[in-house]
Amino acid sequence: LQTVATGEPLLRGNIREAGLQAVGGQTQRPRAGFCHGLVFVSCVLGNVLLIVALVVLVPPLVVIFAMLTLPSVLEWLCCRRRRRYMDAVSASQLHMVEGAAIHGIFILGQRMNANTFFNNWERVYFSESSRPEFKILRQHPCRRKWFWPYWEDVAQDTFDRDYHFNREAAVMDKEGLQRFVGRLESCVMDFEKPLWQLFFIERYVGEDGVERSVAIQKGHHCMHDGFHSLRKVLHGAVLNKPAQDKQQQQSKSRGGAGRGRRASCCATLINAWRALKQLVLMSTDAVSFVKSQVYARPEDAKVCAWHTLRNIGVQDLKDFGKAEAGGGATINDMLLAALGGALRRYCRAASAADSAAQPVPEEITACIWVARAAL
């Protein structure tokens, strides 16, 4: 949007960069046949060497992989009807990123008693007539070294209510709430219990000076991502909405992604070969201002901050996106555009403060992972 507004060309470059020369009023390509041939021969030799290395190394690696995964596969075939095994993404989040947790902050419209909130929450999410997806709130992950993890029910008498429901009676403002969430992000959850917690702040003074209450829901990433967590909250809030079966939910959540044109077999093999070459020949990431040079452990201190649009609501953003000035942008588009602008300003300020730093790229793109098939 910024490029269009300033009138700058979308594609930068000159005739020389495009590999064209103007001679006698006619455009012709330069004589660089030897260089092009050398590049072609190098690519062919590189591909041949990589294929030979894969032919030699892949068979023993496949045998080793099969021996390591065979016990887990056999157990899954025998117990898949009695256990709810995790999907691959959830299992990787559980084993590799113990501190990965989603924190949802809900600022209520008025002040509320913590016990009243917790009792209503239990009535909605723990009742026998609650939605099927709420069952995971009464399950904890069962982790094994050589077998696939699965969800296991927690007995009623072993459910630790004091661990999952936490009340904060102190008065907090926005800065205090940000510090409180930062401390929560540094606390690793107990994996012997269901991987969620609720924190209720009875007295929160907002930027407008009005005293309200705040509910914070913390859940591990192997249970849900931010979208799934928010959907659980909304499903619990809208009690009259009928439950949909799983296939309807998946088809609706996919949207147009699941109905797109599939790539051909040849294109799939070519893309897989290119991805494999990039993975094998991948170099170390370049030093960047937005990447920490020190490994941050889950229990290390975290900083949490956010910005509030006081006079703008969600509907205002939707209306702007639908207008001519918005160009059909969604709320996610606006969020990523704001994030990209913030990263660009931060990198430029940091580069100006450090004379030995590398220059900031002209274009900085913000991106985020999303699920094609939710739940």
Side-chain angles (χ1 to χ4, degrees), residues 72 75-106 114-168 181 183-200 215-237 239 243 245-246 249 298-299 371 374-375:
S72 180
E75 188 208 28
W76 178 81
L77 292 174
C78 297
C79 306
R80 59 178 179 173
R81 297 185 182 275
R82 294 184 287 109
R83 293 175 178 174
R84 182 193 172 192
Y85 286 93
M86 293 186 183
D87 58 88
V89 177
S90 298
S92 63
Q93 294 281 0
L94 178 67
H95 288 295
M96 300 174 60
V97 195
E98 291 188 348
I102 304 296
H103 296 77
I105 305 173
F106 303 92
N115 292 329
T116 303
F117 178 84
F118 293 149
N119 292 334
N120 292 336
W121 197 92
E122 286 186 283
R123 177 178 54 82
V124 172
Y125 292 93
F126 284 174
S127 63
E128 296 294 336
S129 59
S130 61
R131 300 174 65 96
E133 56 265 32
F134 297 163
K135 185 179 180 180
I136 196 174
L137 299 174
R138 302 299 296 266
Q139 297 175 335
H140 76 93
C142 184
R143 299 192 294 178
R144 287 92 53 82
K145 291 184 178 180
W146 299 103
F147 296 96
W148 201 262
Y150 63 92
W151 296 103
E152 187 176 39
D153 293 334
V154 176
Q156 182 67 28
D157 54 349
T158 61
F159 182 79
D160 190 352
R161 195 177 188 277
D162 294 333
Y163 173 80
H164 294 284
F165 299 101
N166 302 270
R167 172 180 175 270
E168 297 292 333
V181 176
R183 291 194 299 268
L184 289 182
E185 293 180 347
S186 302
C187 298
V188 180
M189 309 187 74
D190 188 354
F191 288 87
E192 299 299 325
K193 301 175 181 178
L195 297 180
W196 61 270
Q197 288 179 288
L198 278 179
F199 299 87
F200 193 83
I216 302 176
Q217 178 180 344
K218 179 176 182 178
H220 197 273
H221 215 305
C222 68
M223 286 182 56
H224 48 230
D225 57 13
F227 174 76
H228 295 162
S229 176
L230 179 61
R231 188 163 67 174
K232 283 189 177 69
V233 174
L234 295 180
H235 282 174
L239 301 180
D245 57 35
K246 192 172 183 179
Q249 290 181 356
E299 61 272 13
L375 292 182

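Index from 1, following the sequence.
- Note that CD of E152 and CZ of R83 are 8.0 Å apart. Values are rounded to the nearest 0.5 Å.
- Here the closest non-hydrogen pair linking H224 and G219 is NE2-CA, 3.9 Å.
- Ring pair F126/F159: centre-to-centre distance below 6.0 Å.
- Looking at F118 and R161, their side chains come closer than 4.5 Å, going by heavy atoms from C-beta outward.
- Contact annotation: the side chain of K193 approaches that of H164 to within less than 4.5 Å [non-hydrogen atoms, C-beta and beyond].
- Looking only at side-chain heavy atoms (C-beta outward), R80 and Y150 stay at 4.5 Å or farther from each other.
- Side-chain contact between P194 and H140: present, with at least one pair of heavy atoms (C-beta onward) separated by less than 4.5 Å.
- Between F165 and W196, the ring center distance clears the sub-6.0 Å criterion.
- In this structure, CG on L184 lies 5.0 Å from NE2 on H103, to the nearest 0.5 angstrom.
- Taking the side chain as every heavy atom from C-beta outward, K135 and R84 never approach each other to under 4.5 Å.
- The shortest side-chain heavy-atom distance between P141 and W151 falls under the 4.5 Å cut-off.
- Ring pair F134/Y125 is tilted by interplanar angle, where 30° to 60° counts as tilted.
- Within the 4.5 Å cutoff, no side-chain heavy atoms of S72 are placed close to those of Y85.
- Taking the centre of each ring, F147 and W76 stay at or above the 6.0 Å mark.
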